[in-house]
J.: 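Before we start, here is the structure in question, set down as structure tokens.
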There are 2 protein chains.
Amino acid sequence: MVTPKVEDYLKSIYRLQDRDTPAMTAEVAAAMGVKPPTVTAMLQRMADDGLVHYQRYQGAQLTDRGEKGALKVLRNHRLLELFLTEELGYDWAEVHDEADVLEHHLSETLVERIEALLGSPAVDPHGEPIPTADLEIRECETQQSLAKCQEGTVAVVSEVRESSADVLSYLAKAGISLGTELEVVETAPFGMITCKVRTTEKPLSLPTDVAAEIYVSRPAEPAENERREYNEA
Amino acid sequence: MVTPKVEDYLKSIYRLQDRDTPAMTAEVAAAMGVKPPTVTAMLQRMADDGLVHYQRYQGAQLTDRGEKGALKVLRNHRLLELFLTEELGYDWAEVHDEADVLEHHLSETLVERIEALLGSPAVDPHGEPIPTADLEIRECETQQSLAKCQEGTVAVVSEVRESSADVLSYLAKAGISLGTELEVVETAPFGMITCKVRTTEKPLSLPTDVAAEIYVSRPAEPAENERREYNEA
DNA sequence: GCTTTTGTTTAGACGTATCTAAATCATGTT
DNA sequence: AACATGATTTAGATACGTCTAAACAAAAGC
Ligand SMILES: [Mn+2]
Ligand SMILES: [Mn+2]
Ligand SMILES: [Mn+2]
Ligand SMILES: [Mn+2]
């Protein structure tokens, strides 16, 4: 009943919906790479199966069951991505497509063993949180989009979200990976942000829509003697 | 065009056909767990697609393309089985079902990396040969079915073919795995063969149809001083 | 050789997943 | 308030993969 395709629709709707705003047919169609009538047919079926709340012309929102389904696939996807990088030498730009297929075909047992082998990791190779076995997910609150940082901010890359393989390769070549320290040196008024990569001292300019998907948190290491103060705060 | 289902049909036909005897509809139906009309429809489609030679009422035989397809899936299947045992702690009774699903969803790249990680292995956890990247397969000529061994034969288990998870678990519990040395102590006239397992000294009786799927080869280690003679022969 | 049995194929159906073309709804504009 | 625009849904089609029931062919039995 929950086929691989349904699982992909669940993931799309999960990403597109918001607390109060449902995912609209056209958005889902774009995300899934299909035409709107295909989405309409699918949403009707998923509504019949209790996976989404759907009313014609009003878009769809996941039910509790639908959300569980989405989180299960997301868990499989992210564990796979990490498994491929850690165990099979993939890099973070290659893993997505492979995981997008395999995510639908893992037994419970295999997921558990992969998770155990990786040591119950919290995040995938892009810093995205991995839902736990009971499908809890904790988004990181202390991070912020690079696109919203002020000039002069120094911060550490903690997540790169929703990016294409091309963007991910480019970032890697520019010296950016999880944990890289950046300093925002300029925010131009025409949608461009320039950072200095701390490891290489090289400047790097990015369009805002790319920067918007890069999340950073405050620098990891306060100087030795400041450590205590930080923990007390 | 070659969907996962088609791949499974290719595998079934590969196992069932013989040089001159095609795989018959009923056999394929039994192997695939479907009804005969389903097979007829499928064989017609596969014939249209150039995967089998098919004439009504005469069964099907793989074309060259079909055989390549079958070997590709077999390669994926067996590499996966070995990967699951070597890297994820599965045992030989558990791997089949998992591999039977995943075998259809591996990219070329992933297969290559798995093969490299395993060191281009020759056989899977059941001793079945793994087709090479260019889809060559070399069946082991020097082995023989346990069911055909004479009383008194001493030999080493080199393959356990086509066996259910139950049989594989039973054999494992009885101390039989690849490389186990067996001595045939009795062949009863009513379809039963009794062996002694050399490691445990325990006797083990098996029905002929089970023994028929166990293949053995001559004992691996000639005594140290006989080694040279053996290689010269 | 005719007949029965057995295995195979055809006919007609259903669910999944997709499309195009046409009809319909919702909304923002005049 | 009527209209035009754009998004959405319905209608009707196709491919895959399966089923049941009915028609048919081949082999075996007499
Ligand atoms: Mn997917
Ligand atoms: Mn990811
Ligand atoms: Mn399979
Ligand atoms: Mn095997």
Side-chain angles (χ1 to χ4, degrees), chain A residues 1-14 16-18 20-62 65-66 69-70 73 100-101 103-105, chain B residues 1-14 16-18 20-62 65-66 69-70 73 100-101 103-105:
Chain A
M1 192 189 272
V2 178
T3 65
K5 288 294 171 185
V6 169
E7 290 184 337
D8 280 335
Y9 278 93
L10 287 174
K11 271 202 313 182
S12 282
I13 298 166
Y14 181 85
L16 291 168
Q17 76 179 0
D18 216 338
D20 42 349
T21 56
M24 300 307 287
T25 302
E27 293 174 322
V28 178
M32 294 293 302
V34 299
K35 297 297 163 64
T38 306
V39 174
T40 300
M42 190 52 138
L43 294 182
Q44 288 168 345
R45 237 183 68 212
M46 289 170 75
D48 285 349
D49 295 348
L51 295 171
V52 295
H53 299 296
Y54 168 73
Q55 260 161 327
R56 63 201 210 311
Y57 295 98
Q58 302 308 137
Q61 239 170 336
L62 297 176
R65 268 193 61 219
V73 188
D100 226 355
V101 175
E103 64 188 357
H104 312 290
H105 305 288
Chain B
M1 191 187 268
V2 177
T3 64
K5 287 295 170 182
V6 170
E7 290 184 337
D8 280 335
Y9 278 93
L10 287 174
K11 272 201 314 182
S12 283
I13 298 165
Y14 181 86
L16 291 168
Q17 78 180 357
D18 216 337
D20 43 348
T21 56
M24 300 307 285
T25 302
E27 292 174 322
V28 178
M32 296 291 303
V34 299
K35 296 296 162 65
T38 305
V39 174
T40 300
M42 189 52 139
L43 293 181
Q44 288 168 345
R45 238 183 68 213
M46 290 171 74
D48 286 347
D49 295 348
L51 296 171
V52 295
H53 299 297
Y54 169 74
Q55 260 162 326
R56 63 199 211 313
Y57 294 97
Q58 303 308 134
Q61 239 169 338
L62 297 176
R65 268 193 62 221
V73 189
D100 225 355
V101 175
E103 63 188 358
H104 312 291
H105 306 287

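Numbers restart at 1 for each chain; the letters A, B, ... are given by sequence-line order, proteins then strands. Keep in mind that what you see is a predicted model, and the values were worked out from it rather than measured.
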J.: Is the closest side-chain heavy-atom distance between A/His104 and A/Val73 below 4.5 Å?
T.: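 A/His104 reaches A/Val73 side chain to side chain.
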J.: Only pairs under 3.5 Å count here: list side-chain donor-acceptor contacts from residues 24-46 of chain B, not counting sequence neighbours, and write none if there are none.
T.:
residue	atom	partner	partner atom	Å
B/Glu27	OE1	B/Met24	N	2.9
B/Thr38	OG1	B/Lys35	O	3.4
B/Thr40	OG1	B/Pro36	O	3.4

J.: Under 4.0 angstrom, heavy atoms only, what part of the nucleic acid is A/Thr40 near: base, sugar-phosphate, or nothing?
T.: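 Base contact - A/Thr40 has a heavy atom under 4.0 Å of at least one base atom.
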J.: If you compare all heavy atoms of A/Leu16 against all heavy atoms of A/Ala23, which two are closest, and at what distance to 0.1 Å?
T.: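 So the two residues come closest at CB-CB, 3.8 Å.
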J.: Quick one: list whatever passes side chain to side chain contact (heavy atoms under 4.5 Å, CB included) with B/Asp20, sequence neighbours left out.
T.: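 B/Asp20 satisfies side chain to side chain contact (heavy atoms under 4.5 Å, CB included) with B/Asp18 once adjacent residues are dropped.
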J.: Can you list everything that forms a salt bridge (Lys or Arg N to Asp or Glu O under 4.0 Å) with B/Glu7? Sequence neighbours excluded, please.
T.: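 In terms of salt bridge (Lys or Arg N to Asp or Glu O under 4.0 Å), with neighbours along the sequence ignored, B/Glu7 is linked to B/Lys72.
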J.: For a quick test of reading the model, state the closest non-hydrogen atom pair linking A/Gly59 to A/Tyr54 and the distance between them.
T.: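 Distance-wise, the nearest heavy atoms are O-CD1, 3.5 Å.
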J.: If you walk 5' to 3' along DNA chain C, what is the first nucleotide with an atom under 4.0 Å of a heavy atom in chain B, and what is the last?
T.: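 Listed 5' to 3', the contact boundaries are C/dG7 to C/dT10.
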J.: Between B/Ala41 and A/Thr3, just flag the one whose closest nucleotide in DNA chain C comes earlier from the 5' side.
T.: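 Upstream on the strand: B/Ala41.
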J.: List in chain and number order the residues that pass ring-ring contact (aromatic ring centres under 6.0 Å, His included) with A/His105, two or more places apart in sequence or in another chain; answer none if no residue qualifies.
T.: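 With sequence neighbours excluded, A/His105 shows a ring-ring contact (aromatic ring centres under 6.0 Å, His included) to B/His105, given in chain and number order.
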J.: Using chain B heavy atoms and a threshold of under 4.0 Å, write down where along DNA chain D the contacts begin and end, 5' to 3'.
T.: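 Answer, 5' to 3': D/dC16 to D/dA25.
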J.: For B/Thr38, which contact category applies under a 4.0 Å heavy-atom criterion: base, sugar-phosphate, or nothing?
T.: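 Counting heavy atoms under 4.0 Å across all strands, the contact made by B/Thr38 includes a base.
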J.: By a strict heavy-atom criterion of less than 4.0 Å, which residues belonging to residues 45-61 of chain B are in contact with DNA chain C?
T.: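 Of all residues in residues 45-61 of chain B, the ones placing a heavy atom under 4.0 Å from DNA chain C are B/Tyr54, B/Arg56, B/Tyr57.
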J.: Kindly write out the residues that satisfy salt bridge (Lys or Arg N to Asp or Glu O under 4.0 Å) with A/Asp49, not counting sequence neighbours, or none if the list is empty.
T.: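 By the salt bridge (Lys or Arg N to Asp or Glu O under 4.0 Å) rule, A/Asp49 matches no residue at all.
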J.: Looking at B/Ile13 and B/Ala60, what are the two nearest heavy atoms and their distance?
T.: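 Closest heavy-atom pair between B/Ile13 and B/Ala60: CG2-O, 4.0 Å.
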J.: Take a 6.0 Å sphere around CZ of B/Arg56 and say whether it holds more than 12 heavy atoms from other residues, nucleotides or ligands.
T.: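 Not buried by this count: 12 neighbours or fewer within 6.0 Å.
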